[in-house]
Amino acid sequence: MKWLKYCLVLLVSVFAVQVSHAIDPVKRWGQLQVKGNQLCSESGEPVSLRGVSYGWHNLWPRFYNKHTVAWLKKDWHCTVLRAAMGTVIEDNYIENSTFALECMDKVIKAAIKNDIYVIIDWHTYYPQKEEAKKFFAMMSKKYGQYPHVIYEIYNEPMEDTWESVKEYAREVIGEIRKNDPDNIVLVGSPHWDQDLHLVAESPLTGYDNIMYTLHFYAATHSEQLRNRAQAAWEKGIPIFVSECAGMEASGDGPLNIPEWERWINWLEKHKISWVNWSISDKNETCSMILPRADKKGGWTEELIKPYGRLVREFVRKYNEGIYK
């Protein structure tokens, strides 16, 4: 009888350990916060999120559905997804806000249901301040109560000065903080999120839980940009890589896998979050999915392009243990 009781206790203990390893990301880490230059959990534990970005909603809306969210969590083991809401190019948010919000809501609601983090990305290269203020006021009012949400307020400033980006950020963050006092806000920097040295010289002040985005494409950006990011990080700048990939900055051309791996090793060393571009099906290197793949996920390897297979492999590798 004692032996049977012992076996039952042992089985319960083993099951409890297994369950503890299977805690979903938001249940595991809760309300994210920034401490110094580090993204941390609600309890102060350093956190590195790893996942993928959807392509522009106005170019690849077919992937913006609850099924792909569930699949990217279950099969790719993503802890974060980025919903890239296009505000330029045809049929964008400015021109067709109803459709844009339908796409975004599907992904955001599914991420919340699946208990993973989701980046609400204002995907543009040009300042659209008044429209962005209204949009993030609306999104923060609707979703600010959920710790799952991260706001990316300006994808890639292209020709702006850092001072103009700072002024833009102050006004947009001000709208967010009226409704949401604590979720993470991601701020870009000039020249496609490359100029972290300018951020380090004059960061935003007066705000909590602000991080700065770095974007890289490994076949174009290498040690020089990494050194710039390293210097900013050493000065206390919290960095979040909300978009990266292994090919040229055009999104096309050959992969530079050794340089890509050097980037990933650097990110992992510093516990910096990284999101890979993109879930889309264009005839280019950075689009991960073939056109004949189902819009709802369930993709076998033959439906994932070579770059996408490597992304899946890397994300699963570095998120190993989170879903086990």
Applied to residues 288-307, the side-chain hydrogen bond (donor to acceptor under 3.5 Å, both in side chains) test, sequence neighbours excluded, yields none
Can you name the residues that form a ring-ring contact (aromatic ring centres under 6.0 Å, His included) with Trp233, not counting sequence neighbours? His270
State, with a plain yes or no, whether a side-chain heavy atom of Tyr323 is found less than 4.5 Å away from one of His77. yes
Give, for atom CD1 of Ile184 and atom CD of Glu152, the distance between the pair rounded to the nearest 0.5 Å. 13.0 Å
Please enumerate all residues that pass side-chain hydrogen bond (donor to acceptor under 3.5 Å, both in side chains) together with Ser53, with sequence neighbours excluded. Arg82
pair Lys166-Pro203: side-chain heavy atoms closer than 4.5 Å: no
Holding to salt bridge (charged side-chain N to carboxylate O under 4.0 Å, His left out), I want the full list of residues that pass it with Lys27, two or more places apart in sequence or in another chain. Asp115
Could you label the plane-to-plane angle of the Tyr151 and Phe136 rings as parallel, tilted or perpendicular, counting under 30° as parallel and over 60° as perpendicular? perpendicular
Given Glu268, which of Lys317, Arg50, Arg262 fulfils the salt bridge (Lys or Arg N to Asp or Glu O under 4.0 Å) condition? Arg50
Quick one: pull up NZ in Lys113 and NZ in Lys73 and give me the separation to the nearest 0.5 Å. 11.0 Å
Please enumerate all residues that pass ring-ring contact (aromatic ring centres under 6.0 Å, His included) together with Phe314, with sequence neighbours excluded. Trp260
Which pairs pass salt bridge (charged side-chain N to carboxylate O under 4.0 Å, His left out) with one or both residues in residues 204-213, sequence neighbours excluded? none
Which residues share a side-chain hydrogen bond (donor to acceptor under 3.5 Å, both in side chains) with Gln194, sequence neighbours left out: His221
Side-chain donor-acceptor contacts of residues 96-103 below 3.5 Å, not counting sequence neighbours, with atom names and distances?
residue	atom	partner	partner atom	Å
Asn96	OD1	Phe99	N	3.3
Asn96	ND2	Asp91	OD1	3.0

According to the interplanar angle, ranging from 0 to 90°, do the rings of His123 and Trp56 count as parallel (below 30°), tilted (30 to 60°) or perpendicular (above 60°)? perpendicular
Enumerate the side-chain hydrogen bond (donor to acceptor under 3.5 Å, both in side chains) contacts for residues 275-285, please, sequence neighbours excluded, ordered by first and then second residue. Trp60-Asp281, Arg62-Asp281, Asp252-Thr285, Ser278-Ser280, Ser280-Ser287, Glu284-Ser287
For Tyr126, enumerate each residue passing the ring-ring contact (aromatic ring centres under 6.0 Å, His included) test, keeping only those at least two apart in sequence or located in another chain. none
So salt bridge (charged side-chain N to carboxylate O under 4.0 Å, His left out) across residues 181-201, not counting sequence neighbours, yields Asp195-Arg228
Is any side-chain heavy atom of Tyr93 closer than 4.5 Å to one of Asn58? no
Give me the ring orientation class for Tyr54 and Tyr64: parallel if the planes are under 30° apart, tilted from 30 to 60°, perpendicular past 60°. tilted
Tyr318 vs Ser48 side-chain heavy atoms within contact, under 4.5 Å: no
For Tyr146, ring-ring contact (aromatic ring centres under 6.0 Å, His included) partners two or more places apart: none
Go through the steps for Glu45 and Arg28 under the test salt bridge (charged side-chain N to carboxylate O under 4.0 Å, His left out), then give the verdict. CA-CA 10 Å; Glu45 167 197 6; Arg28 178 186 293 265; over 6 Å; no
